[in-house]
**Q** 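Dumping the structure here so I can ask a few things about it.
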Amino acid sequence: MSFQPNPGDEVVINDIAYTIGQHPAAPGLAYAQAGRQGIVYQLLPRNGSIHGAKALKVFFPKFRIPAMVYQSEHMESYSELPGLQVCKRDVLTPERNGALIGKHPDLLYAVLMPWVQGQTWFDVISDQRQLTAEESLKLARALAGTGSAMEQRGLAHCDMSAPNVMIPFFSEVENQGKMSAVELVDVEQMYGSKMDRPDALLAGSPGYAAHRTVHSGLWSSYADRFAGAVIIAEMLSWSDPVIVEKAWGESYFDQHEMQTVSERYYAMRESLEKRWGSKLSELFIRAWESHDLSSCPTFGEWYVALAAVDVHQANAVAAATAEEEGINPSEADVNLKKSSEPASETLNTQDGNRPQTPHSSDQEAVVNRLFLQARALEDEDKPAAALEVYRSLYHFIPHNSAMQMEVEAAIKELDAKLNPKEDTDKPVPVPFYRSKKFMISSAVLIVLLAGGVPTVKILADQAEVKQKEQQEATRLADIQAAEEAEAAKAAALKQQEEQEKQKAADAAKLDAEEKKKLAEAKQKAAEAKKKEEERKALQAKYDKQAKYEAFLVKQEQQKKEAAKRAEQEKYDKQAKYEAYLVWKKENDAKLAKQEAERKAAAEVKRQQQIAQKAALKKKRAQNVVTLIAHYNKTYNAQKGRKIENAESYARDFKNLYNTDAAYFKGVGKVAARMSAINKFLSNNSYTLPNL
């Protein structure tokens, strides 16, 4: 019999009774959530309290793996880590739960685990729910802390995505115990040194999978780095209304945009830079431009950078943006607080209203801890692990400090030890995002964006787009050149250096020519007549008008596309509703049939009980007659002085009486006869009364 429970149905697992919870949005239906590997049902304790609720995950046949028992035993020790509460699991096996599995075969190797209250990050994105800066920072720190704790133990979730990230403090139910602000679910694909490789590997979820690895399965200690970077960036940016509005839908990025140059990528990068600082923006860029998962930033790097973030900077930027758009900052802040009031209250409760400590002290503590950890790994003769920690630490040490020089020396020494090179004098290519050219271009772009006149802003936006395209083309060329340089031999490197020198010379020549042309243009402009100046001004006016009209056409086209999408969503919802009505009709018929079968079975059982009661009544009546006969035989034998026979009859009476003493005690004088028999058996000189 398949497992299709109804709300209120009772399930007994390991001698503990639970009832199936009712879906809050669909009364009459079981509280169930479908995933890629199975369906999760909510189980409530018999007292009906939501605290202590359990989640029963029933797997689809493909994923009912016996090795789940071994895997869950090893996972239990990880349930003490923040964000991994669901690792406290109990697998239903034929040995311990044979009766239940025999009744519902679908429950074979099902998993019982804690029920995590709250929304998923998928729900937050889909509902376009804007967060406060404090909430964004709280979530990002919690996810980075969970990922860092997992990485330090060689663990990886291997399917980190918005549906698998729960947000407990967004729940209206007060969470009890040590509940993290972020909890991970669907941990069946978890990687660990003691875990068995799953038979079917997942390739990541759309919107969070690196496009270079999306076609292959993810199962390594680096599997969460790219997806984790995208989710942390989403959490930080979700206090920015511009980012929330630009979201693709179920995730911020469309899967086809992953690790490509797009409008959403530039918008998120700029939002991180403005609101949270350059360090977090650089970490996001490193992840986005990475060629493999191992080169993405570690969760430890994210955690250190987030520990140094000042939330007041994000609030100040939000207030300035609102003021530029003509919105009262105080009103915007009040509206945002109202929209996220339940989450803010829970956030304050979890923090315990503790005073904020300076972020610099938090960063210093984390830096010192990482430095000591790297030293310990070096002492344990683990150079590769120590090198990775040193590199993560290097980005967050003050420039020209004693620790920076010491860490830099340690990195060089370990790198030389692990990767001996024939020629160590070769220059190390500077990343594009740290080059002087990129910094100057960014500064010019910021100055252009600061203009206040709408028409100038339109021109600046278009210039910014062109400049971004040029910068991206240059960046791609630099990356390709760097890859060729690494793969080529010494001769190819030398040739590339000569080409770069030639390019620099050509650029200098072009710059000189441009300056010369500008000087000539200024001279001609000064010598130009008034008529020529009027013609240029009129032409500029026409150009501006044309650009503005093109902008209006683009806006109108976007409105039409939005209306078309809304109409399509309406049709999709109608189709889903009609499908639901068909399903409900079939389900109601099925339930009615089951109810009729249940009533018929109950009637058969009731008739059997009536027959059993009648048989018992008849047997008891016969036993009463037999008891009276035994007593009379005993009495007559005593009168005839046949004591041995009298004692035999007395023992028969007593044995029969004890088979149903509770009933015989209330029937006539049977109890009195029993009392007399007991006295006679204890003293055969006792004279039995004539009853």
**Q** Heavy-atom distance under 4.5 Å between the side chains of Cys296 and Tyr222, does that happen here?
**A** no
**Q** Please name all residues satisfying salt bridge (Lys or Arg N to Asp or Glu O under 4.0 Å) with Asp159, sequence neighbours left out, ordered by chain then number.
**A** Arg36
**Q** Can you tell me how far apart OG (Ser77) and NZ (Lys88) are? Round to the nearest 0.5 Å.
**A** 11.0 Å
**Q** Tell me, do Val165 and Glu183 make a side-chain contact under 4.5 Å, heavy atoms counted?
**A** no
**Q** Do any N or O atoms from the side chain of Ser251 and from the backbone of Trp248 form a donor-acceptor pair under 3.5 angstrom?
**A** no
**Q** Show the numbers, then the answer: is there a side-chain contact (heavy atoms from CB on, under 4.5 Å) between Met113 and Gln85?
**A** CA-CA 8 Å; Met113 52 193 167; Gln85 191 183 46; over 6 Å; no
**Q** I'd like to know if the side chain of His157 reaches the main chain of Asp186, judged simply by a donor and an acceptor atom lying under 3.5 Å from each other, with no hydrogens or angles considered.
**A** yes
**Q** For Met268, is there any backbone N or O sitting under 3.5 Å from a side-chain donor or acceptor partner on Ser271?
**A** no
**Q** Start with the C-alpha distance between Tyr18 and Leu44, add both sets of side-chain angles, then the distance that settles side-chain contact (heavy atoms from CB on, under 4.5 Å), and finish with yes or no.
**A** CA-CA 5 Å; Tyr18 301 95; Leu44 300 175; over 6 Å; no
**Q** Could you check whether any side-chain heavy atom of Val182 comes within less than 4.5 Å of a side-chain heavy atom of Leu139, counting everything from C-beta outward?
**A** yes
**Q** Quick one: closest heavy-atom pair of Ala305 and Leu283, and the distance?
**A** CB-CD1, 3.8 Å
**Q** Distance-only, no hydrogens or angles: does the Arg153 side chain make a donor-acceptor pair with backbone N or O of Ala149 under 3.5 Å?
**A** yes
**Q** Just do the side-chain contact (heavy atoms from CB on, under 4.5 Å) check on Trp238 and Val124 with the steps written out, would you?
**A** CA-CA 9 Å; Trp238 227 246; Val124 176; 3.9 Å; yes
**Q** With a 3.5 Å distance limit and no angle check, can you tell me whether Ser148 reaches the backbone of Ala144 through a side-chain donor-acceptor pair?
**A** no
**Q** Check whether any side-chain N or O of Gln255 sits under 3.5 Å from a backbone N or O of Ala209 as a donor-acceptor pair, and report yes or no.
**A** yes
**Q** Roughly how far apart are Leu236 CG and Ile231 CD1, rounded to 0.5 Å?
**A** 12.0 Å
**Q** Hey, could you give me the CE/CD1 distance between Met160 and Ile232, rounded to the nearest 0.5 Å?
**A** 8.0 Å
**Q** Assess whether salt bridge (Lys or Arg N to Asp or Glu O under 4.0 Å) is satisfied between Asp310 and Arg275, documenting all intermediate values.
**A** CA-CA 9 Å; Asp310 185 3; Arg275 291 173 174 262; over 6 Å; no
**Q** Looking only at heavy atoms, what is the nearest atom pair of Tyr78 and Met195, with distance?
**A** CE1-CE, 3.7 Å
**Q** Step through the shown structure and confirm whether more than 12 heavy atoms of other residues, nucleotides or ligands are within 6.0 Å of CD on Glu263.
**A** no
**Q** Looking only at side-chain N and O atoms, does Glu234 offer a donor or acceptor that is under 3.5 Å from a partner on Trp121?
**A** yes
**Q** Will you find, in the side chains of Gln119 and Arg129, an N or O donor that is under 3.5 Å from an N or O acceptor?
**A** yes
**Q** Does the Ser161 side chain pair with the main chain of Ser205, one donor and one acceptor, at a distance under 3.5 Å?
**A** no
**Q** State, to 0.1 Å, how close Val91 and Ser72 come at their nearest heavy-atom pair, and which atoms those are.
**A** CG2-OG, 3.3 Å
**Q** So that I can tick it off, tell me whether Asp292 and Arg225 are bridged by a salt bridge, with the cut-off set at under 4.0 angstrom between side-chain N and carboxylate O.
**A** no
**Q** Does the gap between the ring centers of Trp276 and Phe284 come in under 6.0 Å?
**A** no
**Q** Does a side-chain heavy-atom distance below 4.5 Å link Arg286 with Glu301?
**A** yes
**Q** So which atom in Cys87 and which in Val187 form the shortest heavy-atom distance, rounded to 0.1 Å?
**A** SG-CG2, 4.5 Å
**Q** Do Lys138 and Met235 have side chains that get closer than 4.5 Å, going by heavy atoms?
**A** no
**Q** Can you tell me how far OG1 of Thr93 sits from CG of Leu107, rounded to the nearest 0.5 angstrom?
**A** 12.0 Å
**Q** Side-chain contact test, heavy atoms from C-beta onward, threshold under 4.5 Å: evaluate it for Glu378 versus Leu414 and give yes or no.
**A** yes
**Q** Which distance, rounded to the nearest 0.5 Å, do you find between the CG of Leu112 and the CD1 of Ile16?
**A** 8.0 Å
**Q** Any salt bridge between Asp240 and Lys274, counting N to O under 4.0 Å?
**A** no
**Q** With a 4.5 Å cut-off on side-chain heavy atoms, are Ile39 and Lys57 touching?
**A** no
**Q** Give a yes or no on whether the backbone of Leu184 and the side-chain of Asn164 come within a donor-acceptor separation of less than 3.5 Å.
**A** no
**Q** Quick check: Trp288 with Tyr265 (ring centres under 6.0 Å apart)?
**A** yes
**Q** Considering all heavy atoms of both residues, which atom of Asp224 and which atom of Cys158 are nearest to each other, and what is their separation?
**A** OD1-N, 2.8 Å
**Q** Would you say Asp123 and Ser126 are linked by a side-chain donor-acceptor pair, where the criterion is simply a distance under 3.5 Å?
**A** no
**Q** If I take atom CG from residue Leu29 and atom CG from residue Asn6, how far apart are they, to the nearest 0.5 angstrom?
**A** 8.5 Å
**Q** Hey, is the main chain of Arg264 close enough, under 3.5 Å, to the side chain of Tyr252 for a donor-acceptor pair?
**A** yes
**Q** My understanding is that only residues two or more places apart in sequence, or in another chain, count here; which of them pass ring pair (Phe, Tyr, Trp, His ring centres under 6.0 Å) with Tyr41?
**A** Phe3
**Q** With a 4.5 Å cut-off on side-chain heavy atoms, are Phe299 and Met150 touching?
**A** no
**Q** Taking atom NE2 of His23 as the centre, does the number of heavy atoms from other residues, nucleotides or ligands within less than 6.0 Å exceed 12?
**A** yes
**Q** Will you find, in the side chains of Glu134 and Asn315, an N or O donor that is under 3.5 Å from an N or O acceptor?
**A** yes
**Q** List the steps and the verdict of side-chain contact (heavy atoms from CB on, under 4.5 Å) for Leu306 and Leu280.
**A** CA-CA 8 Å; Leu306 289 168; Leu280 289 170; 3.9 Å; yes
**Q** What pair of heavy atoms forms the shortest contact from Pro163 to Val185, and how long is it?
**A** O-CG2, 4.2 Å
**Q** Using atom types as modelled and distance alone, determine if a side-chain donor or acceptor of Glu135 lies under 3.5 Å from a backbone N or O of Thr132.
**A** yes
